[in-house]
There are 2 protein chains.
Amino acid sequence: MNTTNLTLISKNQQMREILNQISKVVDSDSSVLLIGETGVGKEIFAEYIHKISNRSLNAFVKIGLAAMPSELLASELFGHEKGSFTSAAGEKKGLFEIANGGSIFLDDIDDVPFEIQTKLLRVLESKEIMRIGGTNPIPVDVRLITASKVDLKELVSRGIFRADLFYRINVVPFQIPSLRERRDDIPPLIEHFLKMFQPNKKIEITNEAMKAFVNYPWPGNVRELKNVINRISLFVSGKINFDDLPFEVQNENPIEFLLKACNKCYVDGNMKFDQIVKCLEHNLLKEALKVSSGNQSNAAKNLGLSLSTFRDKLKKYNIV
Amino acid sequence: MNTTNLTLISKNQQMREILNQISKVVDSDSSVLLIGETGVGKEIFAEYIHKISNRSLNAFVKIGLAAMPSELLASELFGHEKGSFTSAAGEKKGLFEIANGGSIFLDDIDDVPFEIQTKLLRVLESKEIMRIGGTNPIPVDVRLITASKVDLKELVSRGIFRADLFYRINVVPFQIPSLRERRDDIPPLIEHFLKMFQPNKKIEITNEAMKAFVNYPWPGNVRELKNVINRISLFVSGKINFDDLPFEVQNENPIEFLLKACNKCYVDGNMKFDQIVKCLEHNLLKEALKVSSGNQSNAAKNLGLSLSTFRDKLKKYNIV
DNA sequence: AATCTTTCTACGGAATTCCGTAATCAAGTC
DNA sequence: GACTTGATTACGGAATTCCGTAGAAAGATT
């Protein structure tokens, strides 16, 4: 979990584009919202933004907001005066104060209880904090970087997240793609982690193993990949074979299945390109509709298609 | 093998188009070439053409030309005079003579040895035949219908088939699509064969079994389907279950694999439409290239794509 | 019942895909 | 070395796909 190693490994086009965008806004002090699944490396992005910004000489403070009792959270963020907090001895600086002049990174902002949201909003609007039990406001100057696993807009429309806070936070949003959306990054990442865990050993990877790595869906994204490489690097010596991979990478590999089936269709089934593709698309559309129990809008969204495109395809394939 | 039952079961668009074309040329007496895999029903088409033509009152004669010794073939086609053919007693009319005024159907024309090709050509050009051992030519008026499993043009360019005979034969060519290219015909065909083999019993089919029928590649086309239904109809009483299907239909079913893998990708792999399709296309292109050992033209042909399209895709996916 | 949200449907133009044509290249063949 | 044959490139326009927009319909919410 130690992310001191601040290296953003990525040759991927999408990622490069994001880094490019970041460099354009990095010195503007505007709040950045990082959106992406767990493990995509949102912390690393946050730290990266801090480091290349003109605040880099001041503090970078980070805190995960998930599953924290409301009171503790408030105390952490805003600090407290002597004796004001139960069983807390002396006074304590809050993270906002510590980050003064620098940046604060609030991870899992989507898990923040409503009540803290309100307090956060107050800080952002007034640019000053009030310690718990304190009386006079302390001005703070911090760059806010937040991270969310889900689309906050959704939470807003469901009433779980304050709209005004959302607008404060969402000044510069970045959608970090999941690892499976940028599989070309997998090989360089593996290489990087191998070097990181075993700087001395020279470890290679068989084609078969690499193929499995590339095709595995990585629900835990880069974090999961890192853990897997860590584990493997402990016992493998010269070469990583397919058999060395964790069970799930070996077996829960939908793409491997797909590609094998695809070849079967071509070689055994004597099917043409169009037949195979159409067959697959047809099935996929139907499956998506089934999963969304008939809701076209959702099916389209899940497939990553615009509703129009989705419907065009439904028509093309004569699906209900 | 008895094809007396002259029913062309097909709701398929491509097939209807062919039937449509046939009706336009049926009375023109021009030679028809039927091209298609074994079992697609070329004999039925031939008989159909004869029956709806203005020659229907005269004879329809058919003969399979595959694997026939040259001499026997000649005797069959052209007949022979008394004692001229080894151990053949009396004189014998050839099929061309018998078909006089009607139609003759030569199946598997692609298997005809070169020497007979020459004789055939002579008949077609002169419109008269010479019995073996005979001296005076007998004028014949027949409509020629031929069938081939492969593209005769290929055989011509390989020097195996006479170009001039090809042009005589190929006046009106029809490409009959394989069963797997018109899967919508499978259910009505099954129904038809069931009625045919068990006119009394009312046999139903479970969805699962029907799905397997539809997705099986049917390398033997309609003939294979007919045989399978025949076999099944012998022991099944009320309903055809998945378990009743022959081994190959149950297991050698590339499409079933593909669809399952596809769903896995969507549900477990969390993949988007584009990702799945692209992944599949990429793989398919590479596989086709591998199978054709790098020959792009062949790979394209096997995939049923134009070379240009194939190359566009190669570029799109950055393949070599 | 009135309003707000969500989903469905239809349309038109931008972007991409598809494929015929033709030029170029690479090997045989004579 | 000229010729033939088959494969690889390159190009441009027809056909299709893709998606934003915006109005209609169907549910929700009050």
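Quick note on labels: first sequence line is chain A, next is B, and so on, each numbered from 1.
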| message | Reading DNA chain D from 5' onward, which residue's closest nucleotide shows up sooner: B:Leu307 or A:Thr309? | response | B:Leu307
| request: Calculate the interatomic distance between A:Asn295 atom CG and D:dG27 atom C1'; express it in whole Å. | output: 12 Å
| request: For A:Gly294 and for A:Asp274, locate the closest nucleotide of DNA chain C by heavy-atom distance; then report the residue assigned to the nucleotide nearer the 5' terminus. | output: A:Gly294
| remark: Checking D:dA7, D:dT17, C:dC19 against the side chain of B:Ser306 (C-beta onward), the nearest is C:dC19
| Could you state the NZ-C1' distance from B:Lys316 to C:dC18, rounded to the nearest angstrom? | 12 Å
| A:Asn12 backbone acceptor or donor facing A:Asp185 side chain under 3.5 Å | yes
| remark: Between CG of B:Leu305 and P of C:dC18 the distance, given in whole Å, is 8 Å
| field | Closest listed nucleotide, where the reference is the side chain of A:Gln296 and the choices are C:dT9, D:dC18, D:dT21 | value | C:dT9
| request: Name the nucleic acid region contacted by B:Ser308, choosing base, sugar-phosphate or nothing; use a 4.0 angstrom heavy-atom cut-off, strictly under. | output: base
| field | Residues B:Arg168 and B:Ser31: side-chain donor-acceptor under 3.5 angstrom | value | no
| request: Send over the distance from B:Leu314 CG to C:dC18 P, rounded to a whole Å. | output: 12 Å
| field | Atom-to-atom span, CD of A:Glu281 to C1' of D:dT16 - whole angstrom | value | 13 Å
| remark: To the nearest angstrom, the NZ-C1' distance between A:Lys272 and C:dC19 comes to 17 Å
| Side-chain donor/acceptor of A:Lys42 to backbone N/O of A:Glu37, under 3.5 Å | yes
| message | Using side chain to side chain donor-acceptor pair (under 3.5 Å), reason through A:Gln21 and A:Glu17 one step at a time and then give a plain yes or no. | response | CA-CA 6 Å; A:Gln21 300 283 348; A:Glu17 181 55 29; 2.9 Å; yes
| query | Under 4.0 Å: is that the gap between some side-chain N or O of B:Arg311 and OP1 or OP2 of D:dA10? | reply | no
| Quick one: which of A:Ile35, A:Asn170, A:Leu33 gives a side chain to side chain contact (heavy atoms under 4.5 Å, CB included) with A:Leu152? | A:Leu33
| B:Asp312 has an atom CG; how far is it from atom P of D:dG13, in whole Å? | 16 Å
| query | Just how far, in rounded Å, is P of D:dT17 from CZ of A:Phe310? | reply | 16 Å
| said: Let me spell it out: for each of B:Lys315 and B:Asn298, pick the nucleotide of DNA chain D with the closest heavy atom. Which residue's pick is nearer the 5' end? | reply: B:Asn298
